[in-house]
Amino acid sequence: QAIKERLTAEFEAKQNSNVRNIEVESSRMKYKRMKGLRQVLTDGGTISEDDYRQLMMYEQTPEYRALKGMEEEFGAAAFI
């Protein structure tokens, strides 16, 4: 019983810590997200300054140019 209580207490302590999972965004996921931000601006909407800054930097990267080229050449099939 004491072991079970100790393990439960340790588990709950880990759950309440400041450690969070880090999500890794794939290049295709990032491209899709940035494409969505660009569409919001194209449609006359607004995005946060941070999103705008990230979009401006991302659109200058080789990753963006490569994925955009693939999409233009192969359409949605490029991302299957």
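Quick caveat, the model's predicted, so the values are computed rather than measured. For the single chain, residues carry numbers from 1 onward in sequence order.
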Just to verify, what does [X] make a salt bridge (Lys or Arg N to Asp or Glu O under 4.0 Å) with, not counting sequence neighbours?
X	value
Glu49	none
Glu63	none
Lys68	Glu72

Table please: side-chain donor-acceptor pairs of residues 40-48 below 3.5 Å, with sequence neighbours left out.
unit_1, atom_1, unit_2, atom_2, d
Thr42, OG1, Arg38, O, 2.9
Asp43, OD1, Gln39, NE2, 2.8
Asp43, OD2, Gln39, NE2, 3.4
Ser48, OG, Asp51, N, 3.0
Ser48, OG, Asp51, OD2, 3.4

| task | With the side chain counted from C-beta on, respond yes when Pro62 and Arg65 share a heavy-atom pair under 4.5 Å apart, and no when they do not. | result | yes
| Cluster link Leu37 to Tyr52, ILVMFWY, side chain under 4.5 Å | yes
Apply side chain to side chain donor-acceptor pair (under 3.5 Å) to [X] and list each qualifying residue two or more places apart in sequence or on a separate chain.
X	answer
Arg33	Glu25
Gln60	none
Lys35	Glu71

| request: Check which hydrophobic residues are tied to Ile3 through side-chain heavy-atom contacts below 4.5 Å, counting indirect links as well, and list them. | output: Leu7
| For Tyr58, ring-ring contact (aromatic ring centres under 6.0 Å, His included) partners two or more places apart | Tyr64
| query | CG of Leu67 to CE of Met34: how many Å apart, nearest 0.5 Å? | reply |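 With rounding to 0.5 Å, CG (Leu67) is 12.0 Å from CE (Met34).
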